[in-house]
Amino acid sequence: MFTEVLLALVVGGVIYFLVQRSKRHQLKSEDGWWGEGTPMDGEEDLSIRPYTVRTDDEELEDLYRRIDQTRSFPSLEDSQFTYGFNSHYLQKVVTYWRHDFDWRRQVEKLNKFPHYKTNIEGIDVHYVHVRPKNVPEGVTAVPLLMVHGWPGSFYEFYRMIPLLTEPSNPDDIVFEVVCPSIPGYGFSEAPHKKGFDSVCAARVFHKLMKRLGFQQFYAHGGDWGWIVTTNMAQLEPKIIKGLHLNFAPPSKPGLPVVLSIMLGRSFPKLFGFNEHDIQRIYPVVQNLVVESVKESGYMHIQATKPDTVGRGLNDSPVGLAAYILEKFSTWTDHDFRNLDDGGLTRKFSLDDLLTNVMIYWTSGCIISSMRFYKENFSKGLDQPHSKMPVHVPTGFACFPNELMHTPKLWVQQKYRELKTFTPMARGGHFAAMEEPELMAQDIQNFTKMQEKRK
Amino acid sequence: MNHWSPFRHNCGRGQNCHCILWNNEPAAESTMFTEVLLALVVGGVIYFLVQKSKRHQLKSEDGWWGEGTPPDREEDVSIRPYTVRTDKEELEDLYRRIDQTRSFPSLEDSQFTYGFNSQYLQNVVSYWRHDFDWRRQVEKLNKYPHYKTNIEGIDVHYVHVRPKNLPEGVTAVPLLMVHGWPGSFYEFYRMIPLLTQPSNPDDIVFEVVCPSIPGYCFSEAPHKKGFDSVCAARVFHKLMKRLGFQQFYAHGGDWGWIITTNMAQLEPKIIKGLHLNFAPPSKPGLPMVLSIMLGRHFPKMFGFNEHDIQRIYPVVQNLVVESVKESGYMHIQATKPDTVGRGLNDSPVGLAAYILEKFSTWTDHDFRNLDDGGLTRKFSLDDLLTNVMIYWTSGCIISSMRFYKENFSKGLDQPHSKMPVHVPTGFACFPNELMHTPKLWVQQKYCKLKTFTPMARGGHFAAMEEPELMAQDIQNFTKMQEKRMK
């Protein structure tokens, strides 16, 4: 009798779980229109227009004038980067920017890959589209969409692109790469209406890929790119062949995550925790709470008053550089806060860092880039998409110094078809720019595995 | 009907307590019950007395904030007159920067919900560029005498107004008024004549000192880490001593609230009275939590009036969501002041947007839904821009923001936040203050709350917005205190 009851309970429990998991809610999304005023009558403009990044004397003179008139303020003695970007080191960066950085040469470098613009839902969307030159016979290039985050840009992927479109190893997959700019970022037009969140960006990028003729493709993202590509997988699971991420903080800590935090230090194997997981998670309050509070001030103000905090940054290139480059320091390794130079050039060149800053400066997009935080957080952290799991094959590259560390168990809570989870040798939040070879290799491994499974 | 208020006010002075009480009727039944009750009460009173007589006094070590190491020579205690100045170069530089601002249109139909509205900012900037007369405002600033004096290695700026027409036999009552962020000594300018030259002959004549917090406005910024509110309190005590005051009253809102509170905690005998318009609880104790949980159903038990109920409930919306919506600035300034401030020190338009957004939202948070943020409903553009110009010309925005990090980086559990205040206190409760504090909450920390005045109107920048109302409340409070001394 007892056996029967137990069996009934177990069967009941299993049925319950199966029913829960088979409720594959698909994310839905209404159409949108983001241009100025009301949409014009007439057919939608579907044209794809080549775009060239340009600069001129006027732009450079204006930049130099503003740099020359910056009003510096000395940092506190012995404060390194603990109060934000150190004033003394900022002076060095600015001197390089003013006298050595060659923006014309960097613009040529930007233009070595083809850029385009196309109008979607009323705004011009910018993207880089790199078709591989030497595709072996009988082979089709695998399309790959790569989405950046804040305060990054399409430029973060520049070193990776050749590794993906022209791999040296003949066994590697040859990719066709599309790197768009999120509307409101870089050379993409900013939405003129309220409400443009990650689901809208996902829908816009689906339309882009469709317009470019792709029926199916892979998607890669970190930072905002993580949410945007995740939403794309939730909107159209059949179109996203595979999802590759390097950032996936849990939005809803479910029971497994909570239990693992409580018991993981004593029973690491039970939760699949390795040494690095333990090191990054414990002590819990320090690592998960204090560190987050210390580093999320930007998120808080951008999610509430983007127009206020961004205005001064659109007038002051030095202020903009400090604001953006502070992240390239701290999010690469938070111990860099204790260095006089913020460790900024340990993993990046000033040329690359300033090129990214110049994309924000010349496009004047800092305010609209910040608004994305408000659009995504203002309805609270309980959005429909954050509660829905992802059923598309997923690969996760776990970089050791990522802002928010996620052990495999946590990633699996949302990404139900986690095919690869690779602890990476080194790298932080801007991994694509910091470790392009490692990232490209993991994308290769993941995609090869998926492509073989046909 | 409540006969017995469970929150009997007890400041340690027992029956001699002159604090304003509420709802206090003893119950009396049979003798045995009375005895037990009496025993409990006496036991409770003794317990409370013992608790509260542990009057921890706030201690503070000396500090030195100048560049490098302190020189060997004697401390410079000279007091130097200071004149606010401007020149053509300063104005040309300002106009050049304003002319080259790169605006960015706000989203359609967003008013002030994403921060300072771009369209209205353009209006403000046009006025600033073409109509605002900074030279005239500088003359206005100089109508009161300014001074600087070096304390703990840095130059401290202050305005010192001695009353002109003192009646015979009357000594002016000294009053220290401390500003906050993003305000300045200028917030008190309309109040000063009401205090130093009151029209009513029964009013007290004050002698007023309005310093600038180190790192703000014309006070030098500390060069070393660690300058928090207790340090500012200690510096201001030294200032008042140097000016010859043995005892004085202190008034403050925003940071001025914490600094004057710390001053009362450091030297309770020197602060004759503490007048505040802002006092958010740092540690919500049991009475406060109970009042939040039960206050809507039993308002009288907690002394809640209608306005209290309106400002507190619904709790999550009013106390949590509103705070999160409006505390982004505090979060980034408490963690990365040097980063967020740098661009503001190059861009006067950016600085104006950042500062004036507060003068809009903290005056009435419904102003967020107005196209112009309601900015000129309670303030003139001249006054608003004068305050902005004080930040701009002194280049103090970064150091002003560092004060947040210095005060919050050790966490919210500082020694002074756990200590009560035993100095006679008066509280002016303005209806639109950022954080609403009913009397019960203020009493948790300010054990000698003598006056608690619900004010007719006004928000966070009450001194600048309603100078007459504020001055009147300071008068009432001080008169009450002065009568009691004699």
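Below, chains carry the letters A, B, ... as their sequence lines are ordered, and counting in each starts from 1. Heavy atoms only: backbone and side chains are in, while hydrogens, waters and symmetry mates are out.
- To the nearest 0.5 Å, atom OG of residue S118(B) and atom CD1 of residue I367(A) are 7.0 Å apart.
- Each of E108(B), M401(B), Q333(B) has some count of heavy-atom pairs under 4.5 Å with chain A, and the biggest count is that of E108(B).
- For the pair H331(B) (side chain) and V293(A) (backbone), a donor-acceptor distance under 3.5 Å is present.
- Counting heavy-atom pairs under 4.5 Å between each of S409(B), P348(B), C396(B), G68(B) and chain A puts G68(B) at the top.
- Smallest separation of non-hydrogen atoms from S72(A) and N345(B): O-ND2, 4.3 Å.
- Ranked by non-hydrogen atom pairs under 4.5 Å with chain B, the options S368(A), A322(A), G312(A), G319(A) are led by G312(A).
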Starting from the C-alpha separation in whole Å, work towards a yes-or-no answer on side-chain contact (heavy atoms from CB on, under 4.5 Å) for Y114(B) and K194(A). CA-CA 10 Å; Y114(B) 283 68; K194(A) 297 181 285 190; 3.6 Å; yes
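- Heavy atoms closer than 4.5 Å to chain A are found in the side chain of A221(B), but not in its backbone.
- When every heavy atom of D346(B) is checked against every heavy atom of S316(A), the shortest pair comes out as OD2-OG, 2.7 Å.
- At a threshold of 4.5 Å between non-hydrogen side-chain atoms, the residues R371(A) and L107(B) count as touching.
- Among the candidates T101(B), N117(B), I397(B), the residue making the largest number of heavy-atom pairs closer than 4.5 Å to chain A is T101(B).
- Most heavy-atom pairs under 4.5 Å with chain A: of the set D93(B), L351(B), L121(B), this distinction falls to L121(B).
- Between T339(B) and G84(A), the closest heavy-atom pair is OG1-CA, 3.2 Å.
- Of the listed residues (R102(B), R342(B), K405(B), M330(B)), the greatest number of heavy-atom pairs within a distance under 4.5 Å of chain A belongs to R102(B).
- Chain A forms the most heavy-atom pairs under 4.5 Å with one residue out of Q100(B), K224(B), K325(B), E326(B), and that residue is Q100(B).
- Per-residue heavy-atom pair counts under 4.5 Å with chain B were compared for D78(A), L325(A), V290(A), T330(A), and the maximum is reached by D78(A).
- Remark: D307(A) CG to F116(B) CZ distance equals 11.0 Å, nearest 0.5 Å.
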